[in-house]
Amino acid sequence: MLVLKHEMRPSPTADEQARQNFVMGLRSFVLNDLASDMRHAYETRIAPAFARTHQRPPATGSEVHRAIRGDAMFALYSALRVNAQRLVWDSVIPVVARERPRLESIAARASGGDGPALRDDFALPSNVTAVDVHLLPGSYGRSDGRHDLTTGAIYDQGLAVFSFGLMGDNLDDIGSSIARFIAGRYPDFAPRDILDVGCTIGHNTAPWARHYPYATVTAIDVAAPGLIYGDARAKLQGAGNIRFAQMDATKLDYPDASFDMVFSSMFLHELSLKQIDAVMREARRVLRPGGLMLHMELPPNPQMAAYDAFYLDWDAYYNEEPFSKAFRDQEPRKLCAKAGFDPANYVQFVVPSLGFFGAQAVDDAAAMQDETVLDDNTGRLADGVRWFCFGAWQS
Amino acid sequence: MSVAERPFPDEIPHGAYGDDGRPRFFTDPAMDRLVGAFVDLASESWVLAERVATLEELMIAAGTPRDAIERHRPDEASLKRRETARDAFVQRVLGQLRERR
Ligand SMILES: C[S@@+](CC[C@H](N)C(=O)[O-])C[C@H]1O[C@@H](n2cnc3c(N)ncnc32)[C@H](O)[C@@H]1O
């Protein structure tokens, strides 16, 4: 059971709480135990059978996928995971629906007259409207009016259930781990203006504001409900130096050279390749010389073993993340170069989870100057997770 | 979202989705629905287990002996309430078996 660390925390009934507890237990069982059984099935049955007919092991994630599909362990793992995902949202939606008036009045009070910058005429891009992204009913943009923050609340509470503790008790393990790592690795880097693109409810934006307290932090997203909720959430947590705005990361409203850092997390894999190119070009345009573009993401297929590629591609096929495979098939270094970043300025890191491994492990990783290798815990939500990120410095 | 407008990744293995666009993992599509119902059943059982644990803790704290549960006979009104709740329970737990239309 994870209790949100702000006043908009829900008050579920006993049954609702028990339902959420069950989903967390189920997800941990599927992602740790069943996942390890599936890997065992692959190594002992599926890969050897493939090798007998092809005289070589499966070479890509797609080959593993085709080979494993007929196996009972794959079917059971997958069917349970799909249903667990359904229950993540089912277990929080009724709570939010009941508590909506209370949440909206807290949010209105917290934001005061100074809420996020929203636009009445804003058109959501189709990558958000055409899919129920990770089975979230109605996707990020679902809203019945100007003050509707329910999708933001559903995301916050749903993420708490979804991550069963692995994203920290404030759901900011990604931001906290990476911000600490960057501050440790680059002690002279002192960004004054930080931009987080695709921030949803700003849960991973806040750690940047904490690590660079003198900086102005801006968080943008296309979906209004998350911004309304996120703005209040940040203010309730004392992170008043974050400004939220409704904007498309492929066409930013900011002038050239106006930020020292452009960050995103778990964002690019929800975009088409065309949109990704546009986001990178925009990041380069708004960065000042010496600024850093950094994307926390799922690790790239070309750097992974075939089975691990398959394992993380699963969501593209079965969790309504249709763009994520095409993104993961890219070499991030090339994506940065294509946007005009100097290939010599490319960086990538594998950062140990602050919550799981502790501060010392993050500081040790920051002190190590070599390029980190990806392992089978990289980007994989299970015990021992390590976060992958890549980007480039602006010349 | 309508299946026709929904984007899909490349290299979809044969038979990965049913006509309704939902993933299919078993050769017999009934199995896919059964797993859903089974998961819901497990969830509801856990909800009950937590409720029972709470009730027993409260009951014992209030001085009622544990075996009072075995001796209890529900009255008419309680039986009616239980029937309504039972129907809702069946819908919730076995809803996954239904055809999406
Ligand atoms: C998985 S969420 C990112 C969550 C968050 N950054 C985190 O660290 O967990 C992806 C977000 O990207 C937003 N998004 C999608 N397309 C976008 C675009 N073109 N510009 C800005 N935001 C976009 C969605 O509305 C959604 O909130």
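To find a chain, count down the sequence lines: A is the first, B the second, and so on, and within it residues start at 1. Every heavy atom of this structure was used, including side-chain atoms; hydrogens, water molecules and symmetry mates were not.
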Practice item. Pick one of side chain, backbone, both or neither for A/Ala326, based on which atoms fall under 4.5 Å of a heavy atom in chain B. Key: neither
Revision key, fill the gap. Ranked by heavy-atom pairs below 4.5 Å to chain B, first place among A/Arg66, A/His65, A/Lys325 goes to A/His65
Point to revise | Minimum heavy-atom distance A/Arg380-A/Leu312, with the two atoms named | key: CA-CD2, 4.3 Å
**Study point:** Aromatic contact, A/Tyr140 with A/His134 (centres under 6.0 Å)
**Key:** yes
Check your understanding: Among B/Pro23, B/Ser43, B/Gly21, who wins on heavy-atom pairs under 4.5 Å with chain A?
Key -> B/Ser43
Exercise for review: Identify whether the distance between the nearest side-chain nitrogen and carboxylate oxygen of A/Asp313 and A/Arg328 falls below 4.0 Å.
Suggested key: yes
Practice item. Could you tell me which of B/Leu48, B/Asp40, B/Thr54 has the largest number of non-hydrogen atom pairs under 4.5 Å with chain A? Key: B/Asp40
Point to revise | Side chain / backbone / both / neither for A/Leu80 at chain B, heavy atoms under 4.5 Å | key: both
**Study point:** B/Glu83 side-chain N/O to B/Lys80 backbone N/O, donor-acceptor pair under 3.5 Å
**Key:** no
Check your understanding: Taking the inter-plane angle between the rings of A/Phe74 and A/Phe310 on a 0 to 90° scale, is it parallel (under 30°), tilted (30 to 60°) or perpendicular (over 60°)?
Key -> tilted
Practice item. Select one option (side chain, backbone, both, neither) describing which atoms of B/Ala49 are under 4.5 Å from chain A's heavy atoms. Key: neither
